[in-house]
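Accompanying notes for the structure given below.
Residue numbers count from 1 along this sequence.
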Amino acid sequence: MAYVNRPAIVQAAHEVSTDELVAAVEELGELGSSHPLDPDIRQVALRLGVQRRRFARPLASVMRSRRGSVERTTADVQQLGERAVRQALDTEHLSIADLDGLIMFSTDARVLLGLSAHLTHVLSLPRSLPLTALAALGSAGGAQALSVAADDARLGKCVLVVGAEAPSSALPDSGGADGVDWLVARMLCSDGAAATLVSPDPLSQPSVYIEDVWQRAALDPGLAPPYPYRPETAHTFDASPRAVQSVMAAAPHLPPSWKQADFGLVHPGSTAQLDALAAGGCAEAVLSPARVSLAEDGNVGGTGLLHVLRRLHAVRPPVGSTGLLFASGPGFYAHAARVCWVAGRP
């Protein structure tokens, strides 16, 4: 048995509306910035479906940053990730001593290394506690982490999963061919963290039970990130046409019955990605929770699935409902699971 319990969500401190962000980007243009702007940036923003997003640092500071900074990103991720871990444990009235493992994920392996070191220090993690770090999976990182944790849970282990992203300080300057992707990514991306416990028995009611897992690797060079791979540009993947193409390539291969589930834990990557899943046969009931999360939370990377799950705890599906968990990473990887909304053991 493998149960995903109620997640803890940590949102970054500074909420930024689309109007505020559009004004800030337009001001850069007026000041002669090299950022290439779409002729109608406001229409671009509206098409993305994000009404508000959160940044770890004030908007003025974010817009002044001319280069992505691993140091700033790591510091933000460490702070967000630590808070998420503490909240997840407090929610279930557990401590580090109750854990059999810790699984961490983030887009950039360099940032993830810093998060791992930070959590080990501030939480006084015992050396005997198994640590698993998943990087470079982009938006699929959260889905993969939950599946790895589910494997442990079926062996009777209680595992904490935590992910954190801070793309607002990771995105590089927009110069060159990546300018449009930079602009869209800035509109899409949000900073935040999430954590949840995956356990052999439900710790809270209700919970999500993972029944089966599906994975697909699409070895298509046209969908892969540019070579040589630069971790700081991975955050712009969801803003590129390759992300939609990746979803379109994966959707036809999903089991047909999964696409007609009662609810969804789908990565809220962008409106175009969700529309691609709809065109691939996914029911709107599967996609609507992700659309709401995208509008209210923005694209929070691999933690997006847990943001969607937290919202489902506020508007709960009927007990016994089946669900589709789905996320795709940078071009070559898609991950899905059939899940069930349960109260107690099924």
Side-chain angles (χ1 to χ4, degrees), residues 1-9 84 87-89 91-94 98-103 105 132 134 139-163 194-216 254-268 277 282-283 285-290 292-293 302-328 334-346:
M1 297 292 189
Y3 297 88
V4 181
N5 297 279
R6 182 184 179 94
I9 300 299
Q87 287 185 26
L89 291 172
T91 296
E92 303 298 346
H93 307 290
L94 297 179
D98 297 307
L99 298 180
D100 299 306
L102 176 62
I103 299 174
F105 65 92
T132 302
L134 301 175
S139 299
Q144 177 67 16
L146 291 176
S147 290
V148 173
D151 288 340
D152 287 339
R154 294 186 186 100
L155 297 175
K157 300 177 181 180
C158 181
V159 179
L160 179 65
V161 173
V162 58
T196 189
L197 286 140
V198 181
S199 55
D201 293 292
L203 301 175
S204 57
Q205 304 293 346
S207 60
V208 170
Y209 172 62
I210 297 179
E211 295 182 322
D212 198 4
V213 171
W214 174 96
Q215 300 180 73
R216 182 173 187 270
L254 282 168
S257 62
W258 292 23
K259 293 188 279 189
Q260 298 303 311
D262 302 313
F263 69 93
L265 295 175
V266 175
H267 166 58
L277 282 171
C282 284
V286 171
L287 303 174
S288 59
V292 173
S293 182
T303 68
L305 293 175
L306 295 178
H307 280 73
V308 174
L309 177 56
R310 183 58 180 263
R311 288 183 175 277
L312 283 174
H313 275 275
V315 185
R316 297 175 178 178
V319 171
S321 299
T322 59
L324 170 66
L325 182 154
F326 177 85
S328 62
H335 191 102
R338 185 177 67 230
V339 299
C340 185
W341 190 267
V342 297
R345 282 176 170 266

Taking only residues two or more places apart in sequence or in another chain, which ones pass salt bridge (charged side-chain N to carboxylate O under 4.0 Å, His left out) with Arg6?
none
Pairs under 3.5 angstrom only: tabulate donor-acceptor contacts from the side chains of residues 142-153 to other protein residues two or more places apart or in another chain.
unit_1 : atom_1 : unit_2 : atom_2 : d
Gln144 : OE1    : Tyr333 : OH     : 2.4
Gln144 : OE1    : His335 : ND1    : 3.2
Ser147 : OG     : Ala143 : O      : 3.4
Ser147 : OG     : His335 : NE2    : 2.5
Asp151 : OD1    : Arg154 : NH1    : 3.2

Residue set satisfying side-chain contact (heavy atoms from CB on, under 4.5 Å) with Ala84, at least two apart, ordered chain then number -> Val10, Val162, Ala193, Ala195
Taking all non-hydrogen atoms of both residues, which atom of Val266 and which atom of Val308 are closest, and how far apart?
O-CG2, 3.8 Å
To the nearest 0.5 Å, what is the distance between CG on Leu287 and CG on Leu324?
8.5 Å
In short, Cys340 meets Phe263 closest at the heavy-atom pair C-CZ, 4.5 Å
Side chain to side chain contact (heavy atoms under 4.5 Å, CB included) with Cys158: of Asn5, Asp201, Leu197, only one passes, and it is Leu197
Student check: side-chain heavy atoms of Ser328 and His267 closer than 4.5 Å:
no
Step by step, work out the side chain to side chain contact (heavy atoms under 4.5 Å, CB included) result for Val342 and Tyr3.
CA-CA 9 Å; Val342 297; Tyr3 297 88; 3.9 Å; yes
Determine the minimum heavy-atom distance between Ala8 and Ala88, stating which atoms define it.
CB-N, 3.5 Å
Tell me every residue that passes side-chain contact (heavy atoms from CB on, under 4.5 Å) with Gln260, counting only those two or more places apart in sequence or in another chain.
Ala283
Donor-acceptor check, side chain of Asp262 to backbone of Thr322, threshold 3.5 angstrom: yes or no?
yes
Heavy-atom closest pair, residues Leu203 and Ser199:
CG-OG, 3.6 Å
I'd like to check Leu312 versus Trp341 (side-chain heavy atoms, cut-off strictly below 4.5 Å). Are they in contact?
yes
What residues form a side-chain contact (heavy atoms from CB on, under 4.5 Å) with Ser288, not counting sequence neighbours?
Glu284
Under the side chain to side chain donor-acceptor pair (under 3.5 Å) test, residues paired with Thr91 that sit two or more places apart:
none
Do you know which two heavy atoms are closest between Phe326 and Ala336, and how far apart they sit?
CD1-CB, 4.0 Å
Reported NZ-to-CG distance for the pair Lys259 and Leu254, which is rounded to 0.5 angstrom:
6.0 Å
On a heavy-atom basis, the closest approach of Leu305 and Pro268 is N-CD, 4.4 Å
List in chain and number order the residues that pass side chain to side chain donor-acceptor pair (under 3.5 Å) with Asp98, two or more places apart in sequence or in another chain; answer none if no residue qualifies.
Ser95
Tell me which pairs pass side-chain hydrogen bond (donor to acceptor under 3.5 Å, both in side chains) where either residue lies in residues 302-321, with sequence neighbours left out.
Asp297-Arg311
